[in-house]
Amino acid sequence: MTLQEPTSEGRFGNFGGRFVPETLMPAVLELESAFREAWADPSFRADLDALLADYAGRPSPMTECHNLSEELGCRLLLKREDLNHTGSHKINNVLGQALLAQRMGKTRLLAETGAGQHGVASATAAALLGMECCVYMGEVDVERQELNVFRMHLLGAEVRTALSGSRTLKDAVNEAMRDWVATVTESHYCLGSVMGPHPYPWMVRTFHEVLGKEARAQSEALLGGPPDVVVACVGGGSNAIGIFSGFADAATELVGVEPAGGAAVGRGLPGVVHGMDSFLMQDEFGQVLEAQSISAGLDYPGVGPEHSHLASIGRARYEAVNDDEVVEAFRMLSRSEGIIPALEPAHALAWVSRERAALAGKSVVVNLSGRGDKDVAQMMDVLG
Amino acid sequence: MSAGGLDDGLRATGRVENALRARRDIGGKCLVVYVTGGLGDDWLETARAVADAGADVVEIGIPFSDPVMDGPTIQAANDAALNSGATPVTILNALRDSDVGVPLVVMTYYNIAFRMGLERFAESLAAAGVSGCILPDLPLEESSAWIEVATDSGVETILLAAPTASDERLQRICERTRGFVYGVGLLGVTGVRAELASSAIEIASRLKPITDVPVLVGVGVGTPGQAVEASQYGDGVVVGSAVVQRMLDQAGPEGVAELVADFRNALDAR
Ligand SMILES: Cc1ncc(COP(=O)(O)O)c(C=O)c1O
């Protein structure tokens with residue numbers, strides 16, 4: 001199979017849809033048609049490709065981890081999204097959406113952020129394109145990702161602290177949606193993952209397919225074909241869907257790794273929040289539960305609808321790792337390969353490390369979705 | 001025949017719509033008041049007092065963890081109610097065992113209905129004596145499955161109509177809504193504003209000519225004066241945050257009723 005376009009109602013199988021307040025519905029419909037039109041326009045594609053190459057630094061390399069491969073007993077390769085400008089895969093989507101917003105005549109980019117990587121990428125694109133930028137971030141994340149808050153300020157963005165609920169990513173999304181309801185005429189909501197109402201899950205995936213295509217070609221060159229396993233961390237699921245898209249038609253096993261405290265696919269039931277019908281951690285009455293993870297970028301009780309679909313049809317599987325395993329993996333990659341990963345992709349590495357016996361002799365590509373600079377201050381506390 | 005077209009003659013009206021039409025027929029303006037269910041021990045007495053003070057319909061909020069259409073006041077009310085253990089079941093049970101005196105509407109977010117199961121939720125509303133339902137994160141495109149089961153249970157689904165909608169979209173909303181059409185008064189979430197937005201008057205004047213269903217304006221209607229202004233073209237108003245703020249301030253049923261009476265008197269005196 002290859003990843004499909006959703007139905008006209010924005011459904012991937014049973015999941016997806018567009019559960020937004022009436023006020024936003026015209027904007028969501030307009031965004032869908034603007035995206036379709038832009039994506040079919042060679043000049044839009046050329047502008048985006050140029051930015052991805054000359055500004056973001058694409059293609060990102062694929063690195064074979066010789067030391068760690070020996071240690072783990074599998075053949076481990078990393079898709080180096082950490083080397084992109086701004087330090088993560090998030091820039092792929094943001095450049096696409098910012099160009100689209102500009103084309104739609106919007107003057108303000110609105111974003112939510114957990115780890116701050118999407119916020120930094122949004123602030124970056126806004127600075128580049130001369131747009132206003134406002135980023136919502138939960139109070140807990142403002143504290144643990146202080147460096148990224150400072151970066152956003154440097155880039156000229158306004159950072160607004162979300163004080164409601166768990167004061168993490170879920171609440172930042174709520175605040176961003178409330179802002180959007182009030183400013184929909186001038187603001188584009190630059191959503192940071194493959195979540196939210198249609199067309200976001202599909203549009204954001206499309207903007208990240210570039211990394212999957214590259215990874216596929218790089219695997220052919222390095223391995224002579226697709227790898228046995230592709231592994232990526234899953235918050236909303238954008239870096240995972242990006243790399244999965246390159247291998248969905250191959251015999252490759254696709255593995256998404258969630259934090260144990262935010263395992264929407266692993267522990268959730270279908271539910272509707274943030275505009276989408278998808279697996280969601282919730283109580284018996286439908287109240288959304290607060291996720292709990294060391295990683296701000298994965299500290300989210302939901303997941304993008306296409307992942308719920310891929311899980312349901314068995315095309316991808318979703319596993320969970322705990323915070324201790326993540327910390328260990330963070331140190332492991334730093335020491336063995338000289339690459340400090342972000343805590344988010346450290347989840348993917350933690351799963352590989354734990355499952356080393358089952359993976360023995362296999363080729364494994366991990367999407368290294370971001371670099372660890374932003375996490376160093378937090379890890380200084382954790383590691384003492 | 002009414003401006004609403006053929007459809008109006010054929011559709012059965014429910015208790016919410018009948019109550020609002022009755023108010024309109026005597027030349028009055030409708031007042032729908034929102035009360036957060038489970039907020040404080042006396043929320044049910046507050047609902048009764050609100051009805052006695054002149055609300056035509058009382059809206060009971062079932063709190064949700066992530067109310068994206070609500071501003072700080074109703075968010076705080078939601079949180080307080082949830083923290084004190086309110087659930088859809090405790091609220092509907094309380095309603096079932098009491099008589100507020102006017103038709104009731106439940107306002108909550110779609111996941112509450114979705115998790116319970118749409119049919120069970122619709123039946124629970126009906127069993128609790130609730131006549132209508134508002135789900136602010138369920139736009140027209142996603143509403144069919146719910147409207148079908150709600151209609152089967154005799155529950156009127158009140159749809160929102162926003163300032164961002166085209167005329168053609170407003171038309172479709174008016175055709176599907178039951179009870180009343182809820183004109184969203186401004187671009188934004190619930191909450192009291194210093195002044196009534198011009199969009200409140202605009203949305204009412206866009207809706208009135210295309211439907212015979214009562215047209216009410218809510219979101220950003222926070223004072224009796226704003227209520228009078230907002231019902232200039234429409235048939236009345238929905239008042240939420242101003243009343244909930246009184247509840248949060250522990251004004252008690254009488255204190256809340258006083259405010260509602262001010263709204264009623266202002267609308268009657270206009
Ligand atoms: C480096 C990195 N990876 C992954 C994520 C999680 O997002 P997603 O699941 O959409 O890839 C984040 C989010 O902040 C991130 O910063």
Side-chain angles (χ1 to χ4, degrees), chain A residues 8-11 16-30 32 162-166 170-187 196-198 268-278 280-290 301-302, chain B residues 62-72 75-76 78-79 82 86-91 108-117 121 135-145 159-166 169-170 173 182-191 197 199 203 219-220:
Chain A
S8 57
E9 289 85 34
R11 293 271 171 179
R18 41 196 167 193
F19 296 86
V20 291
E22 258 298 315
T23 307
L24 294 178
M25 204 56 212
V28 161
L29 293 169
E30 185 197 343
E32 181 186 344
L163 298 167
S164 55
S166 52
K170 162 176 94 76
D171 312 284
V173 176
N174 288 339
E175 293 301 341
M177 290 192 78
R178 290 181 184 120
D179 185 314
W180 196 26
V181 168
T183 64
V184 58
T185 321
E186 66 274 13
S187 298
H198 179 61
L269 293 167
V272 175
V273 77
H274 296 159
M276 60 185 171
D277 177 347
S278 194
L280 177 68
M281 287 169 52
Q282 55 188 316
D283 74 8
E284 62 181 301
F285 301 110
Q287 308 296 354
V288 182
L289 297 175
E290 297 181 359
Chain B
I62 296 181
F64 179 54
S65 53
D66 296 84
V68 291
M69 255 311 274
D70 287 302
Q75 284 176 48
N78 262 276
D79 289 348
L82 288 173
T87 73
V89 175
T90 61
I91 290 170
T108 191
Y109 286 80
Y110 186 58
N111 200 45
I112 298 292
F114 187 75
R115 181 92 309 271
M116 192 182 282
F121 186 69
L135 299 167
D137 58 346
L138 194 68
L140 196 58
E141 280 76 358
E142 299 286 356
S143 64
S144 300
L159 295 179
L160 280 77
T164 47
S166 65
R169 189 174 177 88
L170 291 183
I173 289 166
Y182 190 139
V184 179
L186 50 76
L187 289 185
V189 295
T190 59
S199 51
I203 190 72
V219 183

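Each chain gets a letter, A, B and so on, in the order its sequence line appears, and its residues count up from 1.
B:Pro63 touches chain A through its backbone: at least one of N, CA, C or O sits under 4.5 Å from a heavy atom, while the side chain does not. If you measure heavy-atom distances from B:Val184 to chain A, the contacts under 4.5 Å come from the side chain alone. Contacts between A:Leu289 and chain B at a heavy-atom distance below 4.5 Å are absent for every atom of the residue. Both the backbone and the side chain of A:Val288 come within contact range of chain B, judged by heavy atoms closer than 4.5 Å. Heavy-atom distances place the side chain of B:Tyr110, and not its backbone, under 4.5 Å from chain A. No part of A:Pro197 comes within reach of chain B, as not one of its non-hydrogen atoms sits under 4.5 angstrom from that chain. For A:Glu290, no part sits under 4.5 Å from any heavy atom of chain B, backbone or side chain. Residue contact with chain B, scored on non-hydrogen atoms closer than 4.5 Å, involves the side chain of A:Ser164 exclusively. Only the side chain of B:Leu82 comes within contact range of chain A, with at least one heavy atom under 4.5 Å from a heavy atom of that chain. Using a 4.5 Å cut-off between heavy atoms, A:Pro21 touches chain B through backbone and side chain atoms alike. Of the two parts of A:Glu284, only the backbone, made up of N, CA, C and O, holds a non-hydrogen atom closer than 4.5 Å to a non-hydrogen atom of chain B. With a 4.5 Å cut-off on non-hydrogen atoms, A:Asp277 touches chain B through its side chain but not through its backbone. Contact of B:Leu140 with chain A is made through backbone and side chain together, with heavy-atom distances under 4.5 Å.
Legend: residues meeting side-chain hydrogen bond (donor to acceptor under 3.5 Å, both in side chains) with B:Ser199, ordered by chain and number and at least two apart, are absent.
Of the listed residues B:Pro67, B:Pro163, B:Ala161, B:Ser143, the one with more heavy-atom pairs under 4.5 angstrom with chain A than any other is B:Pro67. The greatest number of non-hydrogen atom pairs below 4.5 Å with chain A, out of B:Ile173, B:Ile112, B:Asp137, is found for B:Asp137.
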